[in-house]
Each structure stands twice: as C-alpha cells, then as structure tokens.
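Working notes for the structure below.
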Amino acid sequence: MKSKKIIGTIVGIVAISGVVTSTGIALLNNKEKVELQVYRKSPELKPLVTTFKARSQALDAQKTYLGTFQPNREINLLSETSGKVIFVGVERGQAIGQGQLIARLDSDLIQAQMIAAKAAYEKAIDDVKRYENAVANEAMPKMNLDNAKLGLKSAESQLKMLEKQLTLTNITSPFSGVVTLKMFDLGSVLAPGTPLIQLTDISRLKLVVNIPEKEVNNLKLGQVLLVKTEIYPELTLEGKIQSIAAKGDAAHNFETEILISNPSKTPLRAGMYGTAFVRNIKNEGLLIPRVALIGSAKNPQVYIVKNDTAHLVNVSIGATFGEMLEIKSGVQQGDEVVTVGQINLKNNTAVKMVSSDEIHTLTFKK
C-alpha cells in the first residue's frame, strides 16, 4: 500500500514539473517575441533639427511709457494785504482769464490815507521849489534845501506805498486757468499770506513718465514724442520733452516731463493717464527666433549646432521684436541655433541639420 502511494506521488511530481517547464518555455518564447517588437533607436540614427543662423541687424524699437497728465502751471493764490472781502468774482470750477478780478477788499482806510499823502507830497514839491529860489538868491542856507528834498522823497515814498496797497485790494488772476479750489468767501477778513484760490492751468499739460536708466540716455530735451490716451483712443498728440530728471529714484527711474497742448475739441484733464511712444531708437542687435528658446525665464537656453553636434548654452535676452528675440550674450553672429527638434536633444548630441520642409516630409512618411 505504501509503495503505491510513493509511486503516485512521484508520478504527480513529474507531471507538475512537466507543466512548469512547458509554461516557462512558453513565457520565454513570448518575451523574445515582445522584445523583437520593441522599437530600439539605432545608435547611428541622428535626430533631425532645423536651425536659424543668428544675425546682427539694425533694430527699430518703439518703447511705450505710461504716465499721468499734470497741469502745466498750478499755484495757490495768496492775499498780499489785509482787509475785509467786499466782492467775490469767482467760484470753484470756473474758468477765468488772465487779469480777471477774483476778489476786492475794503479800501476806504487806504484811500483816506492817500488823500493826506497826496497833500503832503504836493506841499513837499512846493517847499523844494521855494527853497531853490531862496538859495539861488542867497536868502537861505543850502542845508534847508537839502532837508526839503529829503522831505519830498519821503512824501513820494509814502504815496507810492499807499498806491501799491490800494492796487493789492483788487486781487486778479496772474494767468488763465480753472479755479480748482476756493478758500474764502464774502465777508472774510484776510491777512497777508491768506490762501484764496488754487488756480490750475490746463491749456497745456505735462505728461510725467518714468524712464529706466538703461533707456534714459536715448532721450534728449526738445525731442518730439507721440502721445495717446485711453479716453480718446483715436487721438494722437505730439509732445516735446521739457525736462529729464538729473537724479533717479530708488528704482533707478528718471522722471521725464512731456509738454503737450490740450486740444479744445477733445479736452484732457489733469490726473488722466497717457502713453508716450518713443520712436526711432536704432542700434545693432543680434536676433534669433523666439521658438529657439528653451529653459525657464530665469535661465533661458538655446541649442547651437557646431560640427554636427548640438551644444546647450545659456543666453541673456534683450528686447522682443515680434517673433524675434534680441540676444545680449551666449550666441555669436553666424551661430546655427536650433529652432525645431529640441525635444530630442541633450547637450553634445550628434544631429543632422535639415530644412523645415524635409522634417515635415519625413514626419509625414512615418
């Protein structure tokens, strides 16, 4: 009985071994078939790339600078004398002309003082004439005439001071503009230095923009620039550079003022935005297509093909001109820069340069 069990066990083991062996053989055969179907890149097959030859050319850049319009002139008009306001000639927001009466102060006391001053002045004139005749006839010492002349000058001075004070009681506009603030009213008692109005001249405006230090030397006083606004997008104005700051701010920007005439049909207001266009900034620059660029914004790179080998290099980017980039460093004039096929490349990869049409044809055939 035991011998039958042993024989059965041996037969079972042999049977299982046969199954395992046949299964292993089948798996090995399948693996070989799979490996035969896997695509392996031939070490002799070079990636296809198209290139662009970096070239230097004259750049015609148009820079834009956003700024704010400011008044050409703006002052706080102050009272130069004391007195009570008896007439108010302006209101806030009113446009006024040069010489227009803004306020009149009570001048009765000054006029009374002028009556006495005129009488003193006329008497001093008569005294000088009388003393001159007396001195000529040797009827009076010359010292009396000298004293009379001093009295005449004193009376004349007093009269002129009162005339000036009387003039100051009529407060007028020094130039045309708009009353943007009014700080007095009828019956106000003014003292010298009391603010009356804020007068703003917007017949001409200054567009104030900040120019970076690397571009400020491209500008000069009197240079004509084009100016546009968002409120009148169809309107193009011409402005002249009036001033360029001699000192930059903490961000190395230089405040620049561009003076324009405010059009009467499409008036602008101080505080509005404007854009200045700086044209005809020409210099030589090395250009490559934007599609050649790989890497990040902080670490831009391109592939350059030399002796049928692609080399990865770091570059420094300058200005952008449509689909072209200005390269400051990393690429030399005449270098073949890869524009198509970078995805298949690593540094020092052997490549084959073809035209873009050839790459398209080969890709289509695949």
Do [X] and [Y] have side-chain heavy atoms sitting under 4.5 Å apart?
X: I327; Y: V302; answer: no
X: Y121; Y: L152; answer: yes
X: Q111; Y: L166; answer: yes
X: D106; Y: T169; answer: no
X: L181; Y: I197; answer: no
X: V278; Y: L219; answer: yes
X: L286; Y: Q333; answer: yes
X: E74; Y: T180; answer: yes

How many angstroms lie between atom [atom1] of [X] and atom [atom2] of [Y], to the nearest 0.5 angstrom?
X: M324; Y: I288; atom1: CE; atom2: CD1; value: 8.0 Å
X: L268; Y: I202; atom1: CG; atom2: CD1; value: 8.5 Å
X: I231; Y: R269; atom1: CD1; atom2: CZ; value: 8.5 Å
X: S82; Y: I110; atom1: OG; atom2: CD1; value: 7.0 Å
X: L190; Y: M183; atom1: CG; atom2: CE; value: 11.5 Å
X: L293; Y: Q342; atom1: CG; atom2: CD; value: 9.5 Å

Checklist entry - Can you tell which of L312, V313, V315, N347 makes a side chain to side chain contact (heavy atoms under 4.5 Å, CB included) with Q301? => result L312
Checking the side chain of [X] only, and the main-chain atoms of [Y] only, is there a donor and an acceptor separated by less than 3.5 Å?
X: D201; Y: S203; answer: yes
X: Q158; Y: A155; answer: no
X: N299; Y: S296; answer: no
X: T194; Y: A191; answer: yes

Specify the closest pair of heavy atoms between [X] and [Y], including all atoms of both residues, with the distance to one decimal.
X: L199; Y: P174; result: CD2-CD, 3.9 Å
X: I260; Y: G239; result: CG2-CA, 3.6 Å
X: Q223; Y: N218; result: OE1-O, 3.6 Å
X: I211; Y: V209; result: CD1-CG2, 3.8 Å
X: L78; Y: G193; result: CD2-O, 3.8 Å
X: V88; Y: L186; result: CG2-N, 3.5 Å

Checklist entry - Checking side-chain contact (heavy atoms from CB on, under 4.5 Å) for the pair F184/V85: CA distance, chi angles, key distance, verdict? => result CA-CA 9 Å; F184 77 104; V85 178; 4.0 Å; yes
Item to check | side-chain hydrogen bond (donor to acceptor under 3.5 Å, both in side chains) between E215 and Y65, intermediate numbers included | outcome: CA-CA 11 Å; E215 298 164 13; Y65 303 101; 2.3 Å; yes
Next on the checklist: F69 vs T229, test: side-chain contact (heavy atoms from CB on, under 4.5 Å). Steps then yes/no.
Outcome noted: CA-CA 10 Å; F69 287 110; T229 65; 3.6 Å; yes
Between [X] and [Y], is there a shared hydrophobic cluster once you connect ILVMFWY residues whose side-chain heavy atoms come closer than 4.5 Å?
X: V331; Y: V338; value: no
X: V216; Y: L221; value: yes
X: V178; Y: I102; value: no
X: V305; Y: L345; value: yes
X: L235; Y: L207; value: yes

Item to check | Test side-chain hydrogen bond (donor to acceptor under 3.5 Å, both in side chains) applied to N348 and H311, step by step | outcome: CA-CA 5 Å; N348 298 324; H311 303 279; 2.9 Å; yes
Considering residues, nucleotides and ligands other than [X], do more than 12 of their heavy atoms fall under 6.0 Å from its [atom1]?
X: E230; atom1: CD; answer: no
X: K182; atom1: NZ; answer: yes
X: R204; atom1: CZ; answer: no
X: Q113; atom1: CD; answer: yes
X: F175; atom1: CZ; answer: yes
X: I343; atom1: CD1; answer: no

Is it the case that [X] and [Y] place a side-chain donor and acceptor less than 3.5 Å from each other?
X: N210; Y: E255; answer: no
X: N307; Y: T309; answer: no
X: T275; Y: K228; answer: no
X: Q98; Y: S176; answer: no

Next on the checklist: Please evaluate residues K160 and E156 with respect to the criterion salt bridge (Lys or Arg N to Asp or Glu O under 4.0 Å), reporting the C-alpha separation (whole Å), side-chain torsions for both, the decisive distance (0.1 Å), and the verdict.
Outcome noted: CA-CA 6 Å; K160 287 184 176 181; E156 183 181 11; 3.5 Å; yes
Next on the checklist: Under the criterion side-chain contact (heavy atoms from CB on, under 4.5 Å), I'd like the reasoning laid out for M272 against Q70: C-alpha separation, chi angles, the key distance, then a yes or no.
Outcome noted: CA-CA 8 Å; M272 289 181 173; Q70 294 184 5; over 6 Å; no
Next on the checklist: Could you go through L226 and E238, starting from their C-alpha distance and side-chain angles, then the distance that decides it, and tell me whether this counts as side-chain contact (heavy atoms from CB on, under 4.5 Å)?
Outcome noted: CA-CA 5 Å; L226 296 181; E238 283 194 350; 4.1 Å; yes
Item to check | Worked verdict on D126 versus K123 for salt bridge (Lys or Arg N to Asp or Glu O under 4.0 Å) | outcome: CA-CA 5 Å; D126 292 339; K123 180 180 182 302; over 6 Å; no
Next on the checklist: Apply salt bridge (Lys or Arg N to Asp or Glu O under 4.0 Å) to residues R130 and E132 and explain how you reach the verdict.
Outcome noted: CA-CA 5 Å; R130 187 171 66 255; E132 284 177 342; over 6 Å; no
